[in-house]
Amino acid sequence: MIGKGKSISHTRASMAYGWNQEKDAKIIYSQNIIGETPKEVAEEFRFIQELNQNCEKNTLSFVISPTIDDGKYLQKKDLSKICENFMKEMNLKDRQAIAFVHQDKSHKHIHLYVNRIDFKGQAYKDSFIGKRSQQAAEKVAEKMQLTTVKQVQWEKEHNLLAIRTEIKRRHDLTMKQFKPRTFPAYIKAMETNGVKVIPSINKANKLQGFRFEFDGYNLKGSEIHRSMTGGNIGKSLASQKSISSFLKENTQLNLAGKTVELSTGMVKAIAKQIIKKTISKGLDMGM
């Protein structure tokens, strides 16, 4: 669950957005108010806010977002409990407050508005309110056994590791199985093995590297493994060729519907590798 918070001055307009019927908005929590429209509630807020003439941003606006999966099962009483616990965690105590749930785009989330001015005319301290809102949402999620941001992050990182490993495995399989010697052949072979290879082409119309799309993930080669940068893939493709032979086949490439050239960096890296192997081979032959 994610929590965001800030202080605002445009109470009525913001509350009207929260009460937006087009987003299937429903009141799920209220405290110390009786109004039945955004205008009426904003007026109730304003009546108390007049006790403190120095505070301009006198309303607190929060957005509390459970994960999509959690949101599917949260009923009105659960959402109300989230607001109640969040108010306690933020130490908002006995203030005017109202909250709405938005259920548009299959992502249920809460808009909570709280009067920053209490009944004694004191303004709530809003320093680091964004960070404190997230911390409060984390505590509420833990208390109500909902998914926390930390859990989402762990799952994302765990899944990403598995995806990187699988793309690298398919890359190795492609190089061994098809033995491609040109970039277009490599791209085609990787697609045969279920990985979409997307060329990264700069404004000068030169190939800089590749991105890899697999199972809903889109990653740069360097994010997967150092051997999958554009230059290192080029080195593998050129391993059995001379410089002239490799560049002849790979200098002008038809990729992504464009005719592109290799970037200077890729050419230097590949040429260096070929020269190194040529010298090494000559030494092995006693030259």
Indicate, with yes or no, if V195 and L160 share a hydrophobic cluster defined by side-chain heavy-atom contacts under 4.5 Å among Ile, Leu, Val, Met, Phe, Trp and Tyr. yes
For Q75, does its backbone N or O pair with a side-chain atom of D78 as donor and acceptor, under 3.5 Å? yes
Distance-only donor-acceptor hits, side chain of residues 55-66, under 3.5 Å, sequence neighbours excluded:
unit_1 : atom_1 : unit_2 : atom_2 : d
N58    : OD1    : Q49    : NE2    : 3.4
T59    : OG1    : T11    : OG1    : 2.6
T59    : OG1    : Q49    : NE2    : 3.0

Sequence neighbours excluded, which residues qualify as side chain to side chain donor-acceptor pair (under 3.5 Å) partners of S9? none
Would L51 and L92 show up in the same hydrophobic cluster when neighbours are defined by side-chain heavy atoms closer than 4.5 Å? no
Is T67 reaching over with its side chain to a backbone N or O of T147, donor-acceptor style, under 3.5 angstrom? no
Carefully, step by step, assess E166 and R170 under the rule salt bridge (charged side-chain N to carboxylate O under 4.0 Å, His left out). CA-CA 6 Å; E166 182 58 22; R170 296 188 185 213; 2.7 Å; yes
From OH (Y113) to OG (S30), nearest 0.5 Å: 15.0 Å
How does the hydrophobic cluster around L161 look, that is, which other residues are in it when side-chain heavy atoms under 4.5 Å mark a link? none
Cluster link I198 to I167, ILVMFWY, side chain under 4.5 Å: no
With a 4.5 Å cut-off on side-chain heavy atoms, are V114 and Q96 touching? no
Nearest heavy-atom approach of S236 to R181 is O-NH1, 4.0 Å
Check whether more than 12 heavy atoms from other residues, nucleotides or ligands sit under 6.0 Å from atom NZ of K220, and answer yes or no. no
Relative to the ring of H109, is the ring of H111 parallel (under 30°), tilted (30 to 60°) or perpendicular (over 60°)? perpendicular
Hey, are the side chains of R95 and N32 touching, using non-hydrogen atoms and a 4.5 Å cut-off? no
Is any side-chain heavy atom of M87 closer than 4.5 Å to a side-chain heavy atom of N85? no
Looking at residues at least two apart in the chain, or sitting in another chain, which of them share a ring pair (Phe, Tyr, Trp, His ring centres under 6.0 Å) with Y186? H171
To the nearest 0.5 Å, how far apart are CZ in F100 and CD1 in I110? 12.0 Å
Enumerate donor-acceptor pairs with a distance under 3.5 Å from any side-chain N or O in residues 117-127 to protein atoms, sequence neighbours excluded.
unit_1 : atom_1 : unit_2 : atom_2 : d
D118   : OD1    : K120   : N      : 2.9
D118   : OD1    : G121   : N      : 3.0
D118   : OD1    : Q122   : N      : 2.8
Y124   : OH     : M90    : O      : 2.6
Y124   : OH     : R132   : NH1    : 2.9
D126   : OD1    : R116   : NH2    : 3.3
D126   : OD2    : S7     : OG     : 2.7
D126   : OD2    : R116   : NH1    : 3.4

Between F183 and F210, is the ring centroid distance below 6.0 Å? yes
Is there a donor-acceptor pair closer than 3.5 Å between any side-chain N or O of E43 and the backbone N or O of K39? no
Between CD1 on residue I28 and OG on residue S80, distance to nearest 0.5 Å: 6.5 Å
Criterion side chain to side chain contact (heavy atoms under 4.5 Å, CB included) on K235 and I233, from CA distance to verdict: CA-CA 5 Å; K235 291 177 186 179; I233 291 174; over 6 Å; no
Contact between Q135 and K131 at the side-chain level, heavy atoms closer than 4.5 Å - yes or no? yes
Heavy-atom nearest pair, P180 first then L237, reads O-CD2, 3.3 Å
Backbone N/O of G3 and side chain of Q134: donor-acceptor pair under 3.5 Å: yes
Is any side-chain heavy atom of K108 closer than 4.5 Å to one of Y73? no
Reported NZ-to-CD1 distance for the pair K143 and I82, which is rounded to 0.5 angstrom: 12.0 Å
Between E223, K196, E213, which is the residue that forms a side-chain hydrogen bond (donor to acceptor under 3.5 Å, both in side chains) with N218? E213
Run the side chain to side chain contact (heavy atoms under 4.5 Å, CB included) check on V41 and M15 step by step: do they pass? CA-CA 9 Å; V41 175; M15 204 172 287; 3.4 Å; yes
Is the closest basic N to carboxylate O distance between E191 and K188 below 4.0 Å? no
Less than 4.5 Å apart, any side-chain heavy atom of M228 and any of N232? no
Closer than 4.0 angstrom, basic N to acidic O: yes or no for D172 and K176? no
Taken to the nearest 0.5 Å, the spacing of I27 CD1 from I33 CD1 works out to 7.0 Å
Test log, rule side chain to side chain contact (heavy atoms under 4.5 Å, CB included), inputs Y17 and H102: CA-CA 10 Å; Y17 172 80; H102 282 186; 3.9 Å; yes
Verify, without hydrogens or angle tests, whether E44 (side chain) and G35 (backbone) share a donor-acceptor contact under 3.5 angstrom. yes
Contacts of E142 meeting salt bridge (charged side-chain N to carboxylate O under 4.0 Å, His left out) (sequence neighbours excluded), chain-then-number -> none
Counting C-beta onward and ignoring hydrogens, is there a side-chain heavy-atom pair between N193 and F178 closer than 4.5 Å? yes
Rounded to the nearest 0.5 Å, how far apart are SG of C83 and CD of Q31? 10.5 Å
Is it the case that the side chain of N115 and the backbone of I48 share a donor-acceptor pair, with hydrogens and angles ignored and the cut-off at 3.5 Å? no
Is the shortest side-chain N to carboxylate O distance from K88 to E84 below 4.0 Å? yes
Are side-chain heavy atoms of K206 and V260 found at a separation under 4.5 Å? no
Worked verdict on F212 versus V197 for side chain to side chain contact (heavy atoms under 4.5 Å, CB included): CA-CA 5 Å; F212 297 82; V197 182; 3.8 Å; yes
